[in-house]
There are 2 protein chains.
Amino acid sequence: MVVKERVRPGGRSARIQASVHAAVDALLEQMDRAELTIPVIAERAGVTPSTIYRRWGNLGELLSDVAVKRLRPAAEPADTGTAKSDLLAWAEQYAEEMSSEVGRAMIRDVMASPTENNAERCCGYTYEQLQAISDRAEARGEAGLDVEAVLDLVVAPIMYRILFLAPPDVAHCRALVERALPGQGQKRGG
Amino acid sequence: MVVKERVRPGGRSARIQASVHAAVDALLEQMDRAELTIPVIAERAGVTPSTIYRRWGNLGELLSDVAVKRLRPAAEPADTGTAKSDLLAWAEQYAEEMSSEVGRAMIRDVMASPTENNAERCCGYTYEQLQAISDRAEARGEAGLDVEAVLDLVVAPIMYRILFLAPPDVAHCRALVERALPGQGQKRGG
DNA sequence: GGGATTAATGCAAATTTTTTGCGTTAGTGG
DNA sequence: CCACTAACGCAAAAAATTTGCATTAATCCC
């Protein structure tokens with residue numbers, strides 16, 4: 001079931017993995033995920049179902065893999081001038097992306113697999129993004145971020161509310177950031 | 001798929017639902033959840049598989065229902081004297097229960113169903129527990145809790161770390177509570 | 001490079017799960 | 001007590017999953 005660091009990751013395996021992932025991506029835009037099955041994916045990918053069963057085990061593991069791949073951030077966090085405004089911009093975008101139906105579905109998929117550590121990888125991406133904001137702040141001469149604290153104070157509440165309560169609005173994101181970085185970098189470092 | 005508030009909730013339906021739930025509870029202690037299937041549950045419950053398929057749709061929905069039922073707190077939060085120590089005791093127990101393998105599995109199950117709002121219900125239980133601590137505090141003459149703030153500052157970080165990072169230890173729970181209720185009710189209200 | 005080795009795939013049969021049509025049972029309302 | 005109908009049981013059909021074996025193609029070693 002371990003897809004990464006396979007024993008024989010050469011050409012064919014990688015090609016099939018890419019083909020299957022692409023098939024899932026394409027099919028998720030055409031049909032409801034309730035009617036997405038492994039035979040359907042296999043046909044679209046030009047692969048035998050048994051190949052998918054042997055490599056991923058079941059649909060959940062496959063969707064988990066696809067989701068964690070899609071959750072990887074494409075770019076660095078936007079540079080808005082200060083650590084606080086960077087964090088605010090990042091948090092707002094993060095909340096919006098994760099609140100969407102596809103976002104929630106991806107989170108569910110990532111967490112669905114008990115064996116894989118996809119959830120940890122997903123959090124790792126977040127950690128890297130926050131670290132990037134912190135590093136950039138220090139390069140400017142600002143104070144860096146306590147990334148662990150930001151996880152607790154900003155990221156965790158956003159995720160919790162999306163999953164268990166209701167998607168946080170922009171005002172709430174702002175309040176979370178304000179609590180994490182009280183009175184810091186207000187328009188111009190006071 | 002809507003199990004609650006059915007059109008005809010009388011004797012038989014309730015009996016079958018209880019039987020199926022009991023079967024799932026019993027089987028989860030005997031076998032790994034990977035080998036738990038609807039036909040197995042049906043046989044144990046003395047019911048036809050098609051009945052389960054028609055009422056719950058699939059295994060995920062059924063497990064979600066069972067999990068949210070098991071996640072309902074059995075008792076009031078312990079009364080330890082002050083709101084802060086109550087909250088700390090509650091948070092430690094919550095973290096420990098949810099960190100366990102069965103706890104994590106239940107959370108996954110609850111979140112797995114896209115249609116049901118089991119996750120919201122689960123959070124509702126937490127809200128009630130926190131509200132009970134708050135009410136008791138006010139009855140004592142203490143200040144009550146800002147439950148929303150506690151959700152953000154204590155519950156959300158615990159859940160986030162369990163799901164995406166690593167289970168929080170007792171010290172971290174204490175730090176979260178300290179951040180939520182700074183310098184309040186320290187052994188004797190200063 | 002070239003051949004031996006073997007992980008990974010394709011194929012098809014066997015198994016298991018899921019769906020579906022229809023008769024029966026048992027709550028529900030009059 | 002009777003009519004009505006939601007929910008169930010049963011069995012056949014359809015679909016998905018597993019599994020054994022032959023084939024393909026990376027990887028390793030020379």
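Naming convention: chains lettered A, B, ... in sequence-line order (proteins, then strands); numbering from 1 in each chain.
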Checklist outcome for this item: Nearest heavy-atom contact between A83(B) and R140(B) is N-NH1, 3.7 Å

Sort me out a list of protein N/O and nucleotides 18-21 of chain D N/O pairs below 3.5 Å, or just none if empty.
{"unit_1": "dG20(D)", "atom_1": "O6", "unit_2": "R54(A)", "atom_2": "NH2", "d": "2.9"}

Item to check | Bending between helix ends of the helix from dG1(C)-dC30(D) to dG30(C)-dC1(D) [5 pairs per end, 10° resolution] | outcome: 50°

Separation of [N] [atom2] from [X] [atom1] (nearest whole Å):
X: R12(A); N: dA8(C); atom1: CZ; atom2: C1'; value: 5 Å
X: L59(A); N: dA16(D); atom1: CG; atom2: C1'; value: 11 Å
X: L62(A); N: dT17(D); atom1: CG; atom2: P; value: 11 Å
X: Q17(B); N: dA26(C); atom1: CD; atom2: C1'; value: 17 Å
X: E43(A); N: dA15(D); atom1: CD; atom2: P; value: 13 Å
X: I52(B); N: dA7(D); atom1: CD1; atom2: C1'; value: 14 Å
X: R55(A); N: dA7(C); atom1: CZ; atom2: P; value: 15 Å

side-chain contact (heavy atoms from CB on, under 4.5 Å) partners for [X], two or more places apart:
X: A45(A); value: S19(A), V20(A), A23(A), V47(A)
X: S134(B); value: Q131(B), E138(B), L145(B)
X: R174(B); value: L88(B), E92(B)
X: L165(B); value: C123(A), L151(A), R161(B)

Item to check | Set of salt bridge (Lys or Arg N to Asp or Glu O under 4.0 Å) partners for R179(B), sequence neighbours left out | outcome: D152(A)

Checklist entry - Who are the salt bridge (Lys or Arg N to Asp or Glu O under 4.0 Å) partners of R72(B), not counting sequence neighbours? => result none

Checklist outcome for this item: In short, ring-ring contact (aromatic ring centres under 6.0 Å, His included) pairs touching residues 137-158 of chain A with sequence neighbours left out are none

Check the phosphate of [N] against [X], side-chain N and O only, distance under 4.0 Å to OP1 or OP2. Yes or no?
X: R15(A); N: dA25(D); answer: no
X: T48(B); N: dG9(D); answer: yes
X: T51(A); N: dG10(C); answer: yes

Checklist entry - Does a side-chain heavy-atom distance below 4.5 Å link T51(B) with W56(B)? => result no

Checklist entry - Going by heavy atoms closer than 4.0 Å, what residues in residues 30-41 of chain A are next to DNA chain D? => result T37(A), I38(A), P39(A)

Checklist entry - By side chain to side chain donor-acceptor pair (under 3.5 Å), which residues pair with Q93(B), not counting sequence neighbours? => result E97(B)

Item to check | Listed partners of D25(A) passing side chain to side chain donor-acceptor pair (under 3.5 Å), at least two apart | outcome: none

